[in-house]
Amino acid sequence: MKVVLRVLVAAAVVVGGLLPTLEASALTKLTHAQAASIFTAAGITWSSSGNCSDWNNSSCTSFTNINDSTVYGVRTLKQASGCAIRITGGTETGHASGTYSHRNGYKVDIAITTCVTNYVHNNFTRIADRGDGYPQWRAASGNIYANEGNHWDVTYYNCGGC
């Protein structure tokens with residue numbers, strides 16, 4: 001039932017343009033270990049400057065309380081693009097606050113590579129720059145990819161067609 005609800009919600013989001021309101025009701029929070037297991041199985045890697053996963057340490061990369069739709073959204077990006085994906089930021093403290101934030105499980109930072117950049121530029125729609133000036137692209141799913149210069153800051157409202 002949860003999968004069917006998520007698909008219906010994602011469809012309504014894309015068709016109706018109701019991104020934030022609908023998806024919030026279908027979220028499941030994962031532990032760091034659960035998310036790490038899914039990422040590992042998909043061939044997705046991660047790193048942190050502190051070589052740790054404590055979500056209360058900004059030098060770590062943590063997946064504690066990450067939304068399942070975010071985890072599956074990263075997996076969808078990996079599968080669709082065929083690119084190597086390395087996550088450099090998750091739900092750990094130190095990111096900007098807000099409803100659709102890292103801490104609330106909606107965002108991850110992904111290392112910039114030529115493969116990922118080409119995939120985003122060739123498959124997503126360039127939209128207005130973010131308020132802080134960073135360029136953004138919107139996937140057909142409504143997920144937003146912002147190029148912050150040294151990483152992609154990705155907001156996953158849904159899993160992107162998982």
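None of these values were measured; they are calculated from a predicted model. All heavy atoms count here, side chains included; hydrogens, waters and symmetry mates do not.
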Verify the neighbour count for atom CG of Asn51: are there more than 12 heavy atoms of other residues, nucleotides or ligands below 6.0 Å?
-> no
Name all residues meeting the side-chain hydrogen bond (donor to acceptor under 3.5 Å, both in side chains) criterion together with [X]; count only those two or more places apart in sequence or in a different chain, and write none if there are none.
| X | value |
| --- | --- |
| Ser47 | Arg86 |
| Thr113 | none |
| Asn123 | none |
| Glu148 | Arg130, His151 |

Do [X] side-chain atoms and [Y] backbone N/O form a donor-acceptor pair below 3.5 Å?
| X | Y | result |
| --- | --- | --- |
| Asn158 | Gly142 | no |
| Thr76 | Cys159 | yes |
| Thr91 | Gly105 | no |
| Glu92 | Ser58 | no |
| Asn67 | Leu27 | no |

How close do [X] and [Y] get, counting heavy atoms only, and between which atoms?
| X | Y | value |
| --- | --- | --- |
| Ser141 | Gly160 | CB-CA, 3.7 Å |
| Gly98 | Ser101 | O-OG, 2.8 Å |
| Ile127 | Arg138 | CG2-NH1, 3.8 Å |

Reported [atom1]-to-[atom2] distance for the pair [X] and [Y], which is rounded to 0.5 angstrom:
| X | Y | atom1 | atom2 | result |
| --- | --- | --- | --- | --- |
| Cys162 | Arg75 | SG | CZ | 6.5 Å |
| Ile144 | Thr155 | CD1 | OG1 | 7.0 Å |
| Ile87 | Thr45 | CD1 | OG1 | 8.0 Å |
| Phe39 | Phe63 | CZ | CZ | 5.0 Å |

So which pairs with a foot in residues 30-44 pass side chain to side chain donor-acceptor pair (under 3.5 Å), sequence neighbours left out?
-> Thr31-Gln34
What pairs with Ser59 under side-chain contact (heavy atoms from CB on, under 4.5 Å), at least two apart in sequence or on another chain?
-> Ser49, Asn57
Mind checking side-chain contact (heavy atoms from CB on, under 4.5 Å) for Ser48 and listing every partner two or more places apart, or none if nothing turns up?
-> Cys52, Thr61
Partners of Tyr119 by ring pair (Phe, Tyr, Trp, His ring centres under 6.0 Å), sequence neighbours excluded?
-> Phe124
Quick one: ring pair (Phe, Tyr, Trp, His ring centres under 6.0 Å) partners of Trp137, sequence neighbours excluded?
-> His121, Trp152
Do any pairs count as a disulfide bond (SG atoms under 2.5 Å apart) and have a residue in residues 68-142, sequence neighbours left out, and if so which ones?
-> Cys83-Cys115
So the salt bridge (Lys or Arg N to Asp or Glu O under 4.0 Å) pairs with at least one residue in residues 116-128 (sequence neighbours excluded) are Arg126-Asp129
Determine which pairs satisfy salt bridge (Lys or Arg N to Asp or Glu O under 4.0 Å) with at least one residue from residues 94-108, sequence neighbours left out, and list them in order.
-> Lys107-Asp153
With Ile110 as partner, the option from Ile44, Thr88, Leu77 fulfilling side-chain contact (heavy atoms from CB on, under 4.5 Å) is Leu77
Stepwise, does the side-chain contact (heavy atoms from CB on, under 4.5 Å) test hold for Leu30 with Ile38?
-> CA-CA 10 Å; Leu30 300 180; Ile38 294 165; 4.1 Å; yes
Beyond-backbone contact of Asn147 with Tyr145, side-chain heavy atoms, under 4.5 angstrom | no
Do Trp55 and Tyr106 belong to the same hydrophobic cluster, where Ile, Leu, Val, Met, Phe, Trp and Tyr are linked whenever their side-chain heavy atoms lie under 4.5 Å apart, directly or via other members?
-> no
